[in-house]
There are 2 protein chains.
Amino acid sequence: MDATKVDVPEELDENFKKFLTSKGLRVTNQRLAIFSAAFTCENHFTAEDLLDSARKLDDSVSRATVYRALPLLTQSGLIREVDVGKDYKYYAANKDAKTFQAQVICEDCDTIFEIDAPFMEWYGKTVAEKLGLTTVGQRLQVITKCHKSGSCKNIAAK
Amino acid sequence: MDATKVDVPEELDENFKKFLTSKGLRVTNQRLAIFSAAFTCENHFTAEDLLDSARKLDDSVSRATVYRALPLLTQSGLIREVDVGKDYKYYAANKDAKTFQAQVICEDCDTIFEIDAPFMEWYGKTVAEKLGLTTVGQRLQVITKCHKSGSCKNIAAK
DNA sequence: CTCGATGCAAAATTTTTGCAGTCCC
DNA sequence: GGGACTGCAAAAATTTTGCATCGAG
């Protein structure tokens with residue numbers, strides 16, 4: 001689709017730089033590489049995936065820096081953490097979707113589908129309000145099996 | 001409420017033994033201690049909590065045995081895993097509640113509330129069906145903060 | 001220049017596993 | 001008595017951290 005190394009929209013790149021400077025943090029090559037890598041990853045990715053991708057842009061990026069950058073990226077709202085109950089965490093770029101997303105997680109082939117579930121916003125707030133608590137986040141996940149039938153790959157390709 | 005070490009209903013104890021023998025597994029003192037401990041834990045517990053409790057009943061119980069027993073306990077349906085997005089897993093005895101449960105998780109004081117959410121059964125099955133996948137589990141969680149106001153403890157005591 | 005950021009390797013955390021000895025059936 | 005089970009300690013796997021050095025502002 002393009003021949004350049006980085007196909008992250010200029011605008012997002014600027015947003016990230018603004019975020020860093022507004023927090024008094026420095027704009028480093030490593031942070032930019034990690035950020036770009038996060039946005040070139042197709043779907044969901046792990047810290048290790050991100051390290052691999054970022055190193056393709058800047059091979060000086062270390063694992064520690066990736067782990068130190070991830071909280072910054074989530075705090076900036078540019079990526080979000082997607083905990084699917086595995087031993088390691090997944091992340092995804094916040095490309096679009098401002099409504100609440102549920103995940104359908106296929107155990108057989110490690111596929112994660114994001115599904116719009118706007119009514120959940122209401123559900124969580126209602127439940128928490130009844131208990132007198134402040135809602136800070138919600139998670140709605142359906143765990144499935146495709147029995148390696150390949151149906152997940154088909155749907156994902158759709 | 002009682003003076004004996006173990007206050008697990010005789011009936012449940014028998015269920016666990018039956019489960020073990022039906023699978024061709026052996027009934028050992030360690031497994032019984034772990035099982036009893038799981039049912040004497042008030043709310044949700046971690047593997048480490050379970051180890052501590054089990055050791056009060058039988059101090060020969062080792063960490064490895066707890067970790068090896070947990071899959072058996074969940075497979076038997078007597079306890080269930082409750083993944084709340086922390087680095088370690090929580091478990092809870094399946095004392096009652098046959099309907100789907102959602103969790104309200106207070107980040108400030110590590111409290112987990114179980115809430116009946118029967119309609120979720122329908123939601124998950126519908127979504128997965130549309131994708132042609134088989135549902136094997138669901139997770140609905142609301143993450144909250146009580147700002148250490150003590151409201152969680154009050155609700156829990158209710 | 002200065003102090004935040006980085007890479008490296010060691011540490012921390014939770015869970016798993018290999019092995020020699022134990023004890024249930 | 002045989003083989004499943006156990007405890008121990010080492011290993012795995014992911015994430016965090018200390019420290020000397022580097023480099024952005």
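Note on naming: letters A, B, ... go to the chains in the order of the sequence lines (proteins, then strands), and numbering restarts at 1 for each one.
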Pair up each side-chain donor or acceptor in residues 126-137 of chain A with any protein partner under 3.5 Å, not counting sequence neighbours, and list the distances.
| from | atom 1 | to | atom 2 | distance (Å) |
| --- | --- | --- | --- | --- |
| A:T126 | OG1 | A:W122 | O | 2.7 |
| A:T126 | OG1 | A:W122 | NE1 | 3.3 |

Short N/O separations, protein against nucleotides 13-17 of chain D, under 3.5 angstrom:
| from | atom 1 | to | atom 2 | distance (Å) |
| --- | --- | --- | --- | --- |
| D:dT15 | OP1 | A:K89 | N | 3.2 |
| D:dT15 | OP2 | A:Y67 | OH | 2.4 |
| D:dT15 | O5' | A:Y67 | OH | 3.4 |

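- If you take CG of B:D59 and P of D:dC8, they are 10 Å apart, rounded to a whole angstrom.
- A:K125 is linked by a side-chain hydrogen bond (donor to acceptor under 3.5 Å, both in side chains) to nothing, counting only residues two or more places apart in sequence or in another chain.
- Rounded to whole Å, atom P of C:dT6 lies 10 Å from atom CG of A:D58.
- For the side-chain hydrogen bond (donor to acceptor under 3.5 Å, both in side chains) test, no residue two or more places apart in sequence or in another chain qualifies with B:D108.
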Contact letters for nucleotides 20-25 of chain C, in which S counts primed atoms plus P, OP1 and OP2 and B counts the base, heavy atoms under 4.0 Å: ----BS
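- Evaluation of the salt bridge (Lys or Arg N to Asp or Glu O under 4.0 Å) rule for A:K89 yields B:D87 as partners, not counting sequence neighbours.
- In this entry the distance linking CG of B:L72 with C1' of D:dT6 reads 13 Å, nearest Å.
- Straight-line distance from the CD atom of B:E81 to the P atom of C:dT14: 15 Å, rounded to whole Å.
- The side chain to side chain contact (heavy atoms under 4.5 Å, CB included) test applied to B:K17 returns B:D13, B:E14, B:V27, B:L32, not counting sequence neighbours.
- The two residues B:A38 and B:I79 come nearest to each other via the heavy atoms CB-CG2, 4.1 Å.
- Evaluation of the salt bridge (charged side-chain N to carboxylate O under 4.0 Å, His left out) test over residues 27-41 of chain A, restricted to residues two or more places apart or in two chains, returns none.
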Can you give me every donor-acceptor pair (side chain of residues 65-76 of chain B, partner residue at least two apart or in another chain, under 3.5 Å) with its distance?
| from | atom 1 | to | atom 2 | distance (Å) |
| --- | --- | --- | --- | --- |
| B:T65 | OG1 | B:S62 | OG | 3.3 |
| B:T74 | OG1 | B:L70 | O | 3.2 |
| B:T74 | OG1 | B:P71 | O | 2.9 |
| B:Q75 | NE2 | B:P71 | O | 3.3 |
| B:S76 | OG | B:L73 | O | 2.8 |
| B:S76 | OG | B:L78 | N | 3.2 |

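- Atom NZ of A:K23 is separated from atom P of D:dG25 by 18 Å (rounded to the nearest Å).
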